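Just below is one structure, and these are the notes that go with it.
All values derive from a computational prediction rather than experimental measurement. Lettering follows sequence order; numbering is per chain, from 1.
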Amino acid sequence: MTGRAHAAVSLPLVMATAVTSWFALWSWGGFVQASTSYLPALFFGIPFISAIGVLTRWVRFPIIVVVAAQLLGVLLFANAVYGTSVIPTGGSVTAAAQAFADSLEAMRQYAAPVPTHVREVGPVLVLGGLVCHVLVDLCAVTLARVPVAGLPLLIIYTLPVSILDKSVNWLVFVLTVTGFLMMLALQEGGRISRWGRQFGAPVDAERMSVFGGRDARRHPVALGASATALALFVPLLIPTLDLNLIGGDGPGGDGDREVRITNPMTDLKRDLVQGADVPLVRVDSPGPAPEYLRTSVLTTFTGQAWTPGNRDLEGDQGATGEMPYPIGLSNVYPTRTRDWKISISDNLKSWWLPTPMYVASIEAGSEWRYDAEILDFYTADEDQDTRGLNYSLTELIPDFSGQELADAGAPPSSIQTRFTALPQIPDEVTQLAHDLTKDFDTDFEKAQAIQRYFRGGDFRYSTTPDPGNGNDALVEFLQDKVGYCEQFASAMAVMARSVDIPARVAVGFFQADELSSGEYEFSSKDLHAWPELYFEDAGWVKFEPTPSSHIGSVPSYTNDRIDRENPDNDPSNQTSSSAPTRRPSGNQPSTAPQQEDKKSDGDKDTGLSVVPFLWGGGGLLLLIGLALAPRMLRRTRATRRWHAGGDPAEVAWVELRDVVVDVGRAWPSGRSPRATGREIAEFFGAEVSSASEVIPPTGPETNPAAMRSLTALVAALEQSRYAATPTLMDVDEARSHLDHCIGALRGGVTQRARWRADWLPASLLSPAPSSASARAAAGRRHRTGPIDQMS
Amino acid sequence: MAAETGDVENVARVAAKVRDNIDAVIEGKTEVVTTAVTVLLAEGHLLIEDIPGVGKTMLSKALARSIDSTVRRIQFTPDLLPSDVTGVSIFNQDTREFEFRPGGIFANIVVGDEINRASPKTQSALLECMEEHQVTVDGNTWQLESPFMVIATQNPIEMEGTYALPEAQRDRFMARISMGYPVHAAEIAMLASHTSRNPLDDLEPVTDASEIRKMIGIVNGIHCADAVLRYAVALTTATRNTPDLNLGASPRASLHLIRAAKAYAAVHGRNYVLPDDVHAMARPVLAHRLLPSVEAAMSSRTTGAILDSLVAAVPVPTA
């Protein structure tokens, strides 16, 4: 049966493989909140890749070309979906690459499941899924090893189990297993129809179906099904094995499941209104009264509440010793330090460790872990809390002015993406934020404007309103203009995010009471929440929107007057004034001014997007390098051989061996030079390069000149190996003989084989042993082989 | 003592002359003739085994006649006595002393026709001479003149009243060759020429004993690289280890193999041995010494075929 007919027969197998891959990829739903972000794309992508495979196999390309074509198809598909046009133009590829980079970034920043509003997460899943499908297709169809295809399928399936540490829907499992059994059945059927019936099986043509014979006991499908059943039910019978690979959740994942990290916000209101003022934290630190002792940072706004988000608390991030330098804080600003000794009363039961904003070093024990990006501390063991804890730390205090913050550059895209992410929020909040900030150019002035709005006298502090900081509470708060610190902080952070200023909410204590000189105490009435906004070089900066009736003072820089000496018509300051506004667009609902803003952002993006170009260019270079690498390696190896010296005939012989392998011929091993030469001569062809795909006539008679060269090489090699006093061949002579032989060898194969010999030389994979190692091997054989047995 | 290139070329020239001379008598058997000449130069003995009428005796006679040397022909029969081969001491009435009358073995080339027809006693008398290159009768030892070569023929078909050579004695022969039927054209040519007159009558010697002695000296000086020695030993070892053979090649077989390979190299004008020389001589030198196992014999695999598969399987050392 020809390969083409074979390809036609395996079409059902190709389809079954595609469907199985797609079902298996459902299991990745746990990575995102809504699996619609990648499954529909895969629904079209997987058949596309399979079709490429069918076509390339039909043309009978070598396996490596089939795989390469499929991988190229993956890239084309990704471009079509995520680029700006179906045709991979430069801009489109850049856009797709940017989407992929964003997606990677999002993957890195958000723990699974990534919320729906972060739309960029799709590209990674789609690309990964398609590459996995290429693997499955390679095993099942291209190599016709369906059982091996179980491995990539298993990898697809176990990825969410191992990374997310949670189970996958049983339906996905059933569908995948069914698909896999189907593939097995189809392959078995194809094999039987190709090779005929097994010996011993009954001759009954009617019982042969497309799935092959129906001897139920022997059929691999029956075997596979039994194995699956065993794998499923044996663990049930053994009580200690709690595999739990299959869960009961839907295929789209099971939403935000924050198991261990509790929300400090929910406790704040209760603690604030509980009446009696309970001393909680005692601080021993020389200097003015400490302020803003932070317990935790809320990084994520879900629409219902501010949450700490998912944190990456590695085991080696214990709260002992030097802490990493705060992200974003550059050394352009002077810093000073202040030593704290903190002892926590038995009344404060917290899983979060109270610390100042920036900690240079801390000794609180390794059972507290810090988040390297956020720099807050969380218990490693939830049986342990802060009650009765004593620890010391050194605070890092940066010093900057409002003017310096106003001159800050654009934040990095990682911060920008993560800390301006917003779910759907009420239009009036966005509108208000834009109305408040539209007169200001810099982020800092906008932030000042928002803070002024809250502290301007219109708002009243009260703990009466219902607790909450979600969308509904926000709208209510903005209408009633009555709330407490949590709502002020939350509102300011949301509004800052809506005008593209990275923002988060910190929870902790506001100001300590002095007990004696250098001894201070935070109590329950000091519990507080405040927003932190990000400015390049200064890092995270506290703001204070809570009205002065409750919080008397604000951080001094937030009141600094910003010198607006840079009118728009002054070209010299144009760049500095426009720089801070330069950033990618966020997720706010589009209004007319914003669209303008976005457009200008887009223009400026070309400046920023040098990076994707670099990546793209680098990737292209890498691809070119990869494509050229085999040829280069092969040439380098040949050159090195000649330069290494040694007997020219030996060198030419080793090189000849590699060329024979390169052109796809078999090098006769273990033969004498003369016998080898006789076999090689059969591969010789006339030295005219025919472009036809027909194998040219070969044999010693086709190329007498090359035969003379080959004979000369063989004679020289025999001389050097076996003669008592060998006369070595001249290097140039050996090379010219070798060139004749190479020409004849290349003349004896098809154009395609020549191409492969040039670009994918097979000898790289099975290099000829160097003569030294051959000699060593011969020596070993000499010692342990025949001689020993003879004696 | 390495052989000089000029000497070796001389050997090749003489060997070619002898070969051409024999070719005039026996047409189309170049391989067999080359092996016979090779064995002569390697100081070995030759066993020609084939069915009657394919030219065994013709070959041995032609080889003997091509060299100007003493030639004896012994027709082995069941009543042939050892003394007929080695010679006998007779009491001379005139001198009143025992006088040694040399037997058929005293010659440079001894043609032993149908050697398997002689009694084992006679066979062993011959074989002792072959190995020792000397004859001992009544306590006196006579050296045999060099070159000394026994060309024995035997008929594998007609087994009645024969005494097959035991393995130990077959081992003394350096090589066994079979003539085989002539090719079509050669047979026609043979009919044309041999019916009018005996071609042996026209055969003139092309060399003499002293030249052959000199050439044997040159052959002994042919260089044999370590790799080639290892290859030869690997081959003989393989015959000892394969389950297809009950009896493998002896160390004497290895020795004969290398000597034959040296002569083969010299005949082809080379002063060093190639693995290919060993390869070429492996079948004539080794095949007759091997005994197939019962399984191999049952499946009609000849020792030659088994040996060929072994030779194909043993890799040639590269250096």
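Considering every non-hydrogen atom in both B/V273 and A/Y722, the closest pair reads O-CB, 3.4 Å. Looking at every heavy atom in both residues, A/R721 comes nearest to B/A225 through O-CB, 3.9 Å.
B/Y231 is not listed as a side-chain neighbour of A/S672, based on a closest heavy-atom distance of 4.5 Å or more. The shortest side-chain heavy-atom distance between B/D276 and A/E718 falls under the 4.5 Å cut-off.
Looking at B/V278, there are no atoms closer than 4.5 Å to chain A (heavy atoms on both sides), in backbone or side chain.
Counting non-hydrogen atoms of other residues, nucleotides and ligands closer than 6.0 Å to CD of A/E679 gives a total above 12. Atom CZ of B/R252 sits in a crowded spot, with more than 12 heavy atoms from other residues, nucleotides or ligands closer than 6.0 Å. Other residues, nucleotides and ligands contribute at most 12 non-hydrogen atoms within 6.0 Å of the CD1 atom of A/I64.
At least one donor-acceptor pair closer than 3.5 Å links the side chain of A/R671 to the backbone N or O of B/A312.
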query: Would A/Q719 and B/Y272 satisfy side-chain contact (heavy atoms from CB on, under 4.5 Å), going step by step from the backbone distance to the final call?
result: CA-CA 8 Å; A/Q719 267 274 341; B/Y272 52 89; 3.6 Å; yes
